[in-house]
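Working notes for the structure below.
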Amino acid sequence: MRTWKSKKEFKELFVKKAEVLFEKSVKELSHKEVYQIIATMIKDLVTDEWIQTEKIYNHKRVRQVYYFSIEFLLGRLLNTNLLNCDMENLCRSALQDFGFDLEEIFPEEPDPGLGNGGLGRLAACYIDSMAALQLPGHGCSIRYQYGLFDQRIIDGQQVELPDAWLRNGFPWETKKSDKAVDVRFGGHAYMRPGKGGTLVCVHEHYNTVRAVPYDVPVLGYQNHTVNTLRLWKAEYTRENMYGQLRYGDYRKALQYKDQAQQISRFLYPNDSTYEGRKLRLMQEYFFVSAGLQSIMRHYKKHYGSPKLFDRYIALHINDTHPALIIPELMRILMDEEGLSWEDAWRITTNSVAYTNHTILPEALERWSIPMFQELLPRIFLIVDEINRRWLEAVQQRFPGQEDKAREVAILWNNQVHMASLAVVGSHSINGVAKLHSEILKINTLKPFYTWFPERFNNKTNGVTHRRWLIESNPQLTELICDTIGKDWIHAPEKLLALEPFGNDAAFRERLAEVKQKRKEILAEYLHKERNITINPHSIFDIQIKRMHMYKRQLLNILHVYHLYRQLIENPGMDIVPRTFIFGGKAAASYGEAKITIQLINTVARLIDQDYRAARKLKVVFLENYNVSLGQKLFPAADVSEQISTASKEASGTGNMKFMFNGAITLGTMDGANVEIHQEVGDEHSVIFGLRADEVQQYYQQGGYSSWDIYNSDADVRRALEVMEENPMFGQLREALLDRNDEFFVLKDFKSYCAAQQEIERRYRDADGWFRSSTVNIAHAGHFSSDRSIQEYADDIWYLSPVKI
Ligand code: NBG
């Protein structure tokens, strides 16, 4: 395994790097520079193994997977990579000799703005697990210059500032200019007769965007594997620009240049405008085409005939954003490699596998055909032909039944349906939790399931226990190792050995100490860095995730307000002090989610200003929730809020991070909560609310009236009074009442309040609480991404580990 041989060697290299990079002596270095030096040193350290890994893969011609994702929410890499090299202690001690504290260096690293939510973080956990399991698997995405946005809370409201995370460079990446490829947009494409009665495609008058790869090494955990995350940056090409200028068209030349550069500028451009949607489609084709072209080039060099592509290469599409990989692979195989449609189709469907991450209809991507056709004329011809052949098969089976065709068409109603394309062109389709995979079969993708039942499967999500437990919570890690040894680190399911210690008073006491310590660390951080004071002896009840109506932060805050009202009416009320922590970004154009942030901050202020309540309650909305902040919050949590409307949350992964850190789940029977509950039982989780089938039934058959609940339940009426604080909140009130509460907030209010009471009741019994906490940690191993990735490797990718 790569290591610096001694502290002496580390220090010598460090001094040299300081000189080379900054022309400074060690004493003169800022913390930021120290970070940059160590990152560069780690990259140097792993170079040989990076090359070696690649060589062995090529030499043995091993089967590999490429994981295409529009986001990779990596989080900081310094600590992770030190851990992966087992160099944290040596580095800490060497830095100490130089007068630096490693803990003060970590925060200098900006969180990479390459992702936003669960889907992106999942991709990051997955490449971590692939390397840890020594599986030949790589990531492919876009090198966004700006992340989603930097969230500020001003006067209680979200304000979005640009997230210029690359300002000081990204020391983990290596630019590979010689590996650039060209991606074509626009122009005209048509078929003309070729040799021997075939048709060949002509694509002309297109614009060329240059895709330049930046490679980030993905280190396996204390092994020799170094895989690659390849991020593509868009550049204009001089040839293309001069080509326009030759005709004297400056305006067009500059427009081209600008548009080319836009492609990799922002993560999730606002898609509420035509221009924004067009840019997103360009992004999706850009990274898919660049990634696939480079895979094919590499494949042909080392593996040989494109006819055997699917024997060696697996392509995974993380949600529908990369679904254009299907027509793009068809294009390459036919237009560039001369294969027939039939051969190309067989290879494509054998290579591609698709994971669905949501059933929300608004999140299932659709593109207008005229826009698609204008931007990607050749790809459109292929999609059109895929659709034609597919509908022909449907027609044959269901002659004359147009509705059958409509349900499964890729092109319909002047739109390209990306989920349909992904399903038709993949050999495997999976959901991300048992319940979610079932809903796909019986609901969202039902017509496809009847066609291809064998393609559908479940892969319950997981998170890397290395980052979310070992790295984030060293205190708990130490306690676990003291108690059951270290085997669980390589085989997280062995955490189960911890379960009996839930009955051991001495163990529980130590667990309680660890939790207390982590709560104090959080409290201190919030005090120092954010000027927020919280009581470390209160229950830390945490909801951190994107702001969304289906996730029901609204339900949470309405309950807090309900408690507040009870307290001011009855100041002597005996409750355990509680701190309710929220964090999460609302999409810039998502009005209701943004108003919910305002509502949370309004309740926070009401409580702060009222002595009777402030002694017992505290609400905090933490600005700019990201991976790094998460790493402080999960270890400190007592209660994990997972309260989405049942059926809506495909899986959730925060729920698993909480579990690894011993928090108790307070949740609905939704997503992976169902499996968490299955692991720990009623005794060690608190479940409430409508079940998924009940929700579906209400949607399908009606029978729910939020006004009825409002009229019959005084608590609900009182809770909604908070919306009188500000006319802005009228919009939320309207959603709850006049628009009949799409997400059943009022319906579940009563049972949520009862569940919260149950939490308090259990918390008062410290023995019981920490027994539950132990059981949760013990059963969290099942939710390691190592387990998930092993399942993907076995059932979908047919991949074996490769010793380096
Ligand atoms: C999200 C789901 C989560 C799930 C993650 C990862 C999208 C589109 N989906 O429930 O909302 O945990 O994907 O699978 O971001």
Side-chain angles (χ1 to χ4, degrees), residues 67-73 114-129 141 148 267-268 271 280 284 316-323 353-366 418-419 422 429-440 444-445 457-464 468 543-553 584-587 590 593 625 627 630 640-659 665 667-676 692 743 783-785 787-789 791-792 796:
Y67 195 90
F68 281 72
S69 178
I70 198 90
E71 338 174 8
F72 279 86
L73 186 52
L114 298 173
N116 161 48
L119 169 148
R121 183 53 232 176
L122 187 80
C125 284
Y126 279 6
I127 52 173
D128 180 86
S129 282
S141 191
L148 191 68
L267 168 65
Y268 293 138
D271 64 354
R280 280 205 192 190
E284 294 185 2
H316 203 90
I317 56 178
N318 198 29
D319 226 2
T320 55
H321 318 105
Y354 157 56
T355 300
N356 172 287
H357 292 267
T358 180
I359 63 158
L360 297 188
E362 67 271 24
L364 294 178
E365 287 186 300
R366 280 161 299 156
M418 295 285 272
I429 299 131
N430 74 282
V432 290
K434 281 183 193 162
L435 174 66
H436 169 58
S437 295
E438 283 310 306
I439 293 176
L440 289 180
T444 320
L445 299 178
N457 64 92
N458 171 245
K459 295 286 165 283
T460 297
N461 282 169
V463 303
T464 166
W468 296 107
Q543 188 174 19
I544 39 179
K545 48 185 80 236
R546 288 177 296 129
M547 296 296 297
H548 205 294
M549 294 308 274
Y550 86 77
K551 294 178 187 281
R552 300 199 295 190
Q553 284 93 352
K585 293 179 186 178
Y590 193 172
Y625 172 56
V627 172
S640 157
E641 293 269 359
Q642 308 300 337
I643 60 176
S644 52
T645 311
S647 78
K648 298 286 177 185
E649 188 69 275
S651 163
T653 44
N655 45 6
M656 304 171 185
K657 296 162 196 167
F658 281 113
M659 193 183 179
T665 303
T668 48
M669 277 296 208
D670 199 15
N673 300 349
V674 175
E675 287 156 80
I676 291 178
F743 298 105
F783 300 101
S784 165
S785 45
R787 191 266 311 143
S788 317
I789 282 299
E791 292 178 5
Y792 277 92
I796 300 180

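Every number for a ligand or one of its atoms is a count from 1 in the order of the listing. Keep in mind that the numbers below use all heavy atoms, side chains included, and drop hydrogens, waters and symmetry copies.
Contact of the Asn356 side chain with the His436 side chain is registered, since non-hydrogen atoms from C-beta on lie closer than 4.5 Å.
Phe743 and His548 have perpendicular rings, their planes meeting at more than 60° on a 0 to 90° scale where under 30° would count as parallel.
Inspection of the Lys545 and Gln553 side chains reveals no N or O donor paired with an N or O acceptor under 3.5 Å. Side-chain contact check for Asn430 and Thr355: at least one donor-acceptor pair (N or O, by modelled atom type) lies under 3.5 Å.
With salt bridges taken as basic N to acidic carboxylate O contacts below 4.0 Å, none links Glu438 and Lys434.
Nearest approach of Ser644 to Thr668, heavy atoms of both residues: O-OG1, 2.7 Å. Residues Arg280 and Asp271 approach most closely at NH1-OD2, 3.5 Å, considering heavy atoms.
Each of the atoms 11 (O) of ligand 1 lies under 4.0 Å from some heavy atom of Tyr550. Of all atoms in ligand 1, listed by their number and element, those nearer than 4.0 Å to a heavy atom of Ala650 are 10 (O). Listed by number with element, the atoms of ligand 1 under 4.0 angstrom from any heavy atom of Gly118 are 5 (C), 6 (C). Listed by number with element, the atoms of ligand 1 under 4.0 Å from a non-hydrogen atom of Arg546 are 11 (O), 15 (O).
Taking 4.0 Å as the cut-off, Gly671 does not count as a neighbour of ligand 1 on heavy-atom distance. At a 4.0 Å cut-off, not a single heavy atom of Arg121 sits close enough to ligand 1 to count as contact.
Ranking protein heavy atoms by distance to atom 15 (O) of ligand 1, first place goes to Leu119 CB, 3.5 Å. Nearest protein neighbour of atom 10 (O) of ligand 1, counting heavy atoms only, is Glu649 OE1, 2.6 Å. Closest protein heavy atom to atom 8 (C) of ligand 1: Asp319 OD2, 3.6 Å. Atom 13 (O) of ligand 1 has as its closest protein heavy atom His357 ND1, 3.5 Å.
Where the criterion is an N or O separation shorter than 3.5 Å, residue side chain and backbone included, Gly652 meets it with respect to ligand 1. For the pair Lys551 and ligand 1, the shortest N or O to N or O distance does not fall below 3.5 Å.
When heavy-atom distances to ligand 1 are checked against a 4.0 Å cut-off, Tyr126 has no atom that comes that close, whether in backbone or side chain. Within the 4.0 Å heavy-atom criterion, neither part of Lys545 lies near ligand 1. Residue Asn461 touches ligand 1 through its side chain alone, judged by heavy-atom distances below 4.0 Å. Only side-chain heavy atoms of Val432 come within less than 4.0 Å of ligand 1; its backbone N, CA, C and O stay farther off.
Taking the six-membered ring for Trp, Tyr792 and His316 have ring centres closer than 6.0 Å.
The closest donor-acceptor contact from the side chain of Arg546 to the backbone of Asn116 lies at 3.5 Å or more, if one exists at all.
Just one of Ser785, Ser788, Ser651 meets the side-chain hydrogen bond (donor to acceptor under 3.5 Å, both in side chains) condition when paired with Asn461; it is Ser651.
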